[in-house]
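Remarks on the structure that follows.
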Amino acid sequence: MDHDGVLVTQEKPKKPRKVPDHVILSGGRNNRYWVLDVEERPGHKTLTLTCSKSLHPTETCLLKDGWEMTPVRRGDVVHLEGHSEGASWVVDREQGFLVLLPDSLISGTSISSSIRCMRRAVLGDMFKVKSFTNTITITPCLFMLVGCFVDCFTGLRLMLVHSVTLYCASSRELLQLKIFLWGHCLSCRGQDSAAVVMVTELADIEENVWSPRFGLKGKIDVTARIRIQRPRNGSHRTPEEKTVPLELKTGKESNSIEHRSQVILYTLMSLERYNPEAGLLLYLKTGNLHPVVASHMDRRELLKLRNTLVHHIHNCVEKEAERSRLSRLPDILTNRQTCQYCPQTRNCALYERISKFIQISADVSEDVVHDFLQQETGHLRPPHLSYFSHWMLLCFLEASTMEAKNGRKRVWLQTAEESEKNGSCVGNVQLSGPVMVQSEGVFLHRFQRNIAVPQKGLTTSGLASGDRVVVSDQEGLLVGLATGYLCEVSRTSISCTLDRDLSKFSGVLFRLDSDEGVVGLSTHLTNLSRLMENCQDSDRLRELVVDLRPPEFIFNLSSVLPREAKDTVANILKGLNKPQKQAMKKVLLSLDYTLIVGMPGTGKTTTICTLVRILHACGFSVLLTSYTHSAVDNILLKLKRFRVGFLRLGQGQKVHPDILPYTEESMRKKGVHTLSELEQLYNKELVVATTCMGIKHPIFTRRRFDFCIVDEASQISQPICMGPLFYAKKFVLVGDHQQLPPIVQNQEARSLGMDESLFKRLELHSEAVVQLNVQYRMNRQIMSLSNSLMYEGQLECGSERTATALLSLPFLISVQSELSSYSETEPQHDLVPALESVEQGGISNHTEAALIHKLLSLLIKAGCKPSDIGVIAPYRQQLKSISALLQSSAFTGVEVNTVDRYQGRDKSLIILSFVRSTAEEGTLGELLKDWRRLNVAITRAKHKLLMVGSVTTLRRYAPVEKLLNHLQRENMISFQSAHKALPSIPL
DNA sequence: CCTCTGCGAAGAGGA
């Protein structure tokens with residue numbers, strides 16, 4: 001503190017910071033200010049702000065009467081409510097609100113749960129705790145019940161004076177609703193008995209509200225229209241009409257501060273829709289209706305809580321001396337009443353243990369806390385705690401990068417026109433035709449462009465079928481009305497399935513925004529937390545994953561093979577090669593786990609399919625998973641041909657059409673009405689298949705499997721990969737750590753090892769590893785590249801036919817003569833520098849693209865089928881510039897894609913464009929530094945591989961350098977100039 | 001510098 005009493009909270013010197021690209025600032029109603037400086041004085045705080053990315057002009061905001069406690073920091077984005085005079089705002093007891101990080105929408109229940117324990121609310125945001133009850137439900141929830149009576153009574157004027165009786169058609173249950181006499185504002189409270197409130201209409205049920213103004217979100221049980229009749233001096237005044245949120249509670253009538261706060265928050269969220277000054281709280285057990293008046297004071301205090309909560313959620317990682325670490329959470333509350341039934345006790349204790357572990361211990365050493373920690377985490381040893389905290393940190397780092405990229409805020413901060421330019425939005429559409437109910441809670445909508453506004457077609461919008469979408473109104477008042485999936489995009493209309501029926505908005509102009517990247521890392525965190533649980537499943541997995549206990553095997557196959565299955569198994573094994581058979585044997589003998597290394601082209605899918613068949617024949621149950629839907633379905637498509645039944649879990653939209661009949665969705669359509677029928681469906685098949693993220697399905701609250709198989713395991717991060725493993729006694733991971741690792745966007749997280757898969761971690765136990773090294777894809781020369789780069793000669797051809805297979809080019813000779821004349825006429829062309837260009841969307845190389853175009857023309861002319869050709873590049877932008885040259889119909893069928901996307905696939909002929917070609921000292925990108933990406937790139941071709949790139953630049957990448965050396969040694973580089981090389985394998 | 005797939009969700013209620 002200096003002599004003025006100014007407390008400098010930020011580190012001096014104050015460097016003027018640039019506003020990051022992803023931050024959107026604005027003035028006006030949804031204003032977004034960037035905090036340039038925070039000046040604290042006793043009793044108040046002054047912020048220096050700007051809503052312009054150029055950092056001027058600046059404004060100030062004075063925070064006092066408690067607002068100065070808001071944990072706002074330099075570099076935060078805030079929203080201001082109230083008014084300003086001459087660019088200076090005042091937020092105090094009477095007026096104004098400060099909303100910290102308003103684009104992080106916090107749910108009403110999170111805030112109300114923070115009233116008693118802020119720590120619990122923060123933990124609740126990180127860890128989704130699975131409820132202790134059975135989550136398999138068929139019976140409609142309360143809201144469907146209410147929905148039913150809305151159907152029956154909409155339009156009916158209900159005369160509710162003192163009490164009213166409603167019949168609920170679905171349950172034949174009698175609901176008695178006593179309607180309390182109620183005055184709508186505070187001053188009337190004393191004369192409540194004089195006012196009569198009538199609910200005249202139920203305007204909406206389970207309305208979804210996103211309120212970017214207050215940084216809130218929630219679902220409002222009932223939106224009710226009410227009439228307030230206030231007699232005065234015997235004479236009747238005209239009744240007042242109001243629309244208010246009504247919160248239903250089926251439990252005990254507590255009228256608790258949490259319940260009332262929820263209602264107050266709903267009044268804030270719906271401020272822009274109908275500006276309610278109060279809401280209703282209805283307890284169905286007693287039928288009592290409580291009015292909840294939303295005073296400025298209540299709203300103010302709740303928003304302060306929200307600000308504290310959002311601060312903790314956002315600052316879960318802090319940086320010290322260039323190194324990140326987990327931040328401390330709000331203090332532990334040791335109130336037996338509150339803590340006793342808290343669902344977060346384990347995480348609360350875990351977090352305390354790891355924060356002590358990492359930081360200098362705080363003063364908490366009370367016996368109560370000690371006992372609590374002992375009880376919850378006594379079973380964990382230091383390695384467990386450090387695994388947990390390490391991965392928590394990695395996940396938070398990664399989440400922060402994803403958050404920065406998260407485009408959801410564009411839905412309310414950008415106009416539809418602006419978003420359409422990014423190709424992530426379609427604006428100016430309205431409902432066309434009726435809304436169809438597809439199934440429970442799935443409503444099929446069709447939208448059309450508003451004809452009054454002439455615009456380009458919808459197919460160019462960038463939205464494609466299968467995308468997740470959010471529907472909002474065009475004006476930005478009704479944000480996040482519904483979410484769902486796009487089904488079909490045609491030139492004139494768009495259809496999608498939504499979670500709400502929007503038919504009452506006919507005529508309203510909508511915008512549809514793609515809703516990507518909002519998954520977050522809650523599955524990761526929840527899995528990590530689960531790994532630390534004190535229970536059998538978790539203890540065993542923790543031993544294997546964290547302690548790296550060596551896996552055990554038995555030696556006698558006959559003890560696991562049922563006698564009656566022996567012949568079948570022997571029969572199935574016949575089609576396999578040696579290493580594949582070995583893999584089968586190893587899995588059967590394993591007591592813990594097996595790792596199958598599937599080198600390129602070695603028949604991974606076939607192997608897994610066979611493995612499932614064998615396990616099935618032995619009567620073992622199998623949980624079959626992978627990270628992607630397509631990988632899961634690939635195996636199932638093969639499995640389908642044999643007589644192996646299975647149940648496929650997952651969104652129908654994402655499942656392969658041929659697998660659809662096996663999904664839960666289509667099974668349920670055949671008639672599942674009771675809980676036991678549903679259980680039957682879930683238990684019927686020995687084989688269940690889903691993605692790693694699909695494990696929160698209710699089936700897993702009960703069922704356990706003998707084996708869990710995870711395909712693509714080397715591409716899955718540890719916290720996700722372990723998810724399905726909780727549900728099986730033994731597991732099999734299939735992958736190849738020499739191919740692509742899990743994608744990690746955050747640089748620091750990657751450097752701290754987040755891209756190490758479980759497959760790789762466990763690989764140190766070589767006794768658990770079987771290698772599939774016999775491949776049926778590449779011919780001998782192509783295979784030699786990979787062998788010299790990665791596999792040290794381990795890769796073998798499965799047959800002489802594979803080894804010698806060549807591309808057939810029936811018209812080669814005529815093209816050759818043409819080619820030689822071409823070279824003679826334009827020899828200097830190849831000496832033109834082929835420099836890369838850095839554009840908005842990434843890096844590309846137009847010269848390489850042109851060269852590839854030429855190569856393709858020649859090859860196709862020589863008789864190569866376009867569908868046998870794949871063009872790959874590490875950079876997405878390069879695909880665009882190549883595809884742009886391949887518009888002619890002659891090229892239809894040529895598949896242009898990234899290296900990453902080609903993993904697991906092959907083509908007869910592959911042309912690889914390396915793209916990078918910089919002048920001398922240009923910076924090197926990350927992509928080509930990865931050995932594994934290069935390995936994938938060169939192992940996609942069966943018969944011919946053409947690589948196009950600049951040798952001088954590429955030599956700076958260690959992996960490519962090694963490859964080039966090999967090519968040179970083997971005399972495989974056929975052409976080279978100063979700036980360009982065209983290595984190729986002779987035909 | 002730039003590779004990309006996952007996913008329902010806020011809130012239900014027991015003391």
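Within every chain, numbering begins at 1; the chains are lettered A, B, ... in the order of the sequence lines, protein sequences first and strands thereafter. The basis for the numbers below is simple: all heavy atoms, side chains too, and nothing from hydrogens, waters or symmetry mates.
You'll find that the side chain of A/Leu927 is closest to B/dT3, out of B/dA12, B/dG6, B/dT3. Comparing B/dG8, B/dT3, B/dC7 by their nearest atom to the side chain of A/Thr691 picks out B/dC7. For A/Arg468, taking side-chain heavy atoms from C-beta onward, the closest of the listed nucleotides B/dC2, B/dC7, B/dT3 is B/dC7. Closest approach to the A/Tyr627 side chain among B/dT3, B/dT5, B/dC7 is made by B/dT5 (side chain taken as heavy atoms from C-beta onward). Ranking B/dC4, B/dT5, B/dA10 by closeness to the A/Thr628 side chain, first place goes to B/dT5. Here B/dG11 is the nucleotide among B/dC7, B/dT3, B/dG11 with the atom lying nearest to any side-chain atom of A/Lys219. For A/Arg901, whose side chain is taken as the heavy atoms from C-beta onward, the closest listed nucleotide among B/dG8, B/dC4, B/dC2 is B/dC4.
What separates NZ of A/Lys128 from P of B/dG11 is a distance of 12 Å, to the nearest Å. A straight line from CD of A/Gln715 to C1' of B/dT3 spans 11 Å, rounded to a whole angstrom. Rounded to an integer number of Å, the gap from CG of A/Leu740 to P of B/dC2 is 14 Å. Atom NE2 of A/His259 and atom P of B/dG11 are 12 Å apart (whole Å). Across the protein-nucleic acid pair, A/Tyr957 atom OH and B/dT3 atom C1' stand 13 Å apart, rounded to whole Å. Here the C1' atom of nucleotide B/dG11 and the CG atom of A/Leu265 are 13 Å apart, to the nearest Å. Note: NZ (A/Lys249) to P (B/dG11) measures 8 Å, nearest angstrom. Look at CG on A/Leu649: it is 11 Å from P on B/dG8, rounded to the nearest Å.
At distances below 3.5 Å, not a single donor-acceptor pair connects side-chain atoms of A/Asp513 with backbone N or O atoms of A/Val411. Side chain of A/His445 to backbone of A/Phe443: a donor-acceptor contact under 3.5 angstrom is found. With hydrogens and angles disregarded, a donor-acceptor distance shorter than 3.5 Å links the side chain of A/Thr898 to the backbone of A/Arg901.
Between A/His259 and A/Tyr283, the angle of the ring planes lies from 30° to 60°, which puts this pair in the tilted group.
OP1 or OP2 of B/dC4 lies within a sub-4.0 Å distance of a side-chain N or O belonging to A/Thr898. Within the 4.0 Å cut-off from OP1 or OP2 of B/dG11, at least one side-chain nitrogen or oxygen of A/Thr109 is found. Between A/His629 and B/dC7 there is a side-chain polar atom (N or O) within less than 4.0 angstrom of OP1 or OP2. Under 4.0 angstrom from either OP1 or OP2 of B/dG14 there lies no side-chain N or O belonging to A/Lys252. Put simply, A/Gln739 has no side-chain N or O that comes within less than 4.0 Å of OP1 or OP2 on B/dT3. Contact check, A/Tyr875 against B/dC2: a side-chain N or O comes under 4.0 Å of OP1 or OP2. When the side-chain nitrogen and oxygen atoms of A/Lys696 are compared with OP1 and OP2 of B/dC7, none of them lie within a distance under 4.0 Å.
Between A/Asp204 and A/Arg500 there is a salt bridge, since a side-chain N of the basic residue sits under 4.0 Å from a carboxylate O of the acidic one. At a threshold of 4.0 Å, the pair A/Asp21-A/Lys18 counts as salt-bridged, since one of the basic side-chain nitrogens sits closer than that to a carboxylate oxygen. With respect to A/Glu926 and A/Arg750, a salt bridge is recorded, a charged nitrogen being found less than 4.0 Å from a carboxylate O. Salt-bridge formation is not detected for the pair A/Arg648/A/Glu664: no Lys NZ or Arg NE/NH1/NH2 atom is positioned less than 4.0 Å from an Asp or Glu carboxylate oxygen.
At a threshold of 4.0 angstrom between heavy atoms, the contacts of A/Lys654 with the nucleic acid are absent. Residue contacts shown for A/Tyr266 are limited to sugar-phosphate atoms, with no base heavy atom under 4.0 Å away. Among the heavy atoms of the strands, none lies under 4.0 Å from A/Asp930. Note on A/Ile843: only backbone sugar-phosphate atoms sit closer than 4.0 angstrom, heavy atoms only; bases stay farther off. Here A/Glu247 lies in heavy-atom contact (under 4.0 Å) with sugar-phosphate atoms only. Nucleic acid contact for A/Gln745: base, since at least one base atom lies under 4.0 Å from a heavy atom of the residue.
Figure legend: A/Arg468 and A/Tyr485 shown as a cation-pi pair, the cationic atom lying under 6.0 angstrom from the six-membered ring centre and within 45 degrees of its axis.
Taking a pair as Watson-Crick or G-U wobble with both distances under 3.5 Å, DNA chain B forms no stem of 3 or more consecutive pairs.
Nearest-nucleotide positions on DNA chain B for A/Cys342 and A/Met269 put A/Met269 closer to the 5' end. Take the nearest nucleotide of DNA chain B for A/Ile220 and for A/Pro343: the residue whose nucleotide is more 5' is A/Ile220.
One C1' atom belongs to B/dG8, the other to B/dA12, and the distance between them is 15 Å to the nearest Å.
Residue side chain A/Arg876 does not reach the base of B/dT3 through any donor-acceptor N/O pair under 3.5 Å, judged by distance alone.
The side-chain contact (heavy atoms from CB on, under 4.5 Å) check on A/Val734 picks up A/Ile596, A/Lys604, A/Ile608, A/Ile709, A/Asp711, A/Val732, with sequence neighbours excluded.
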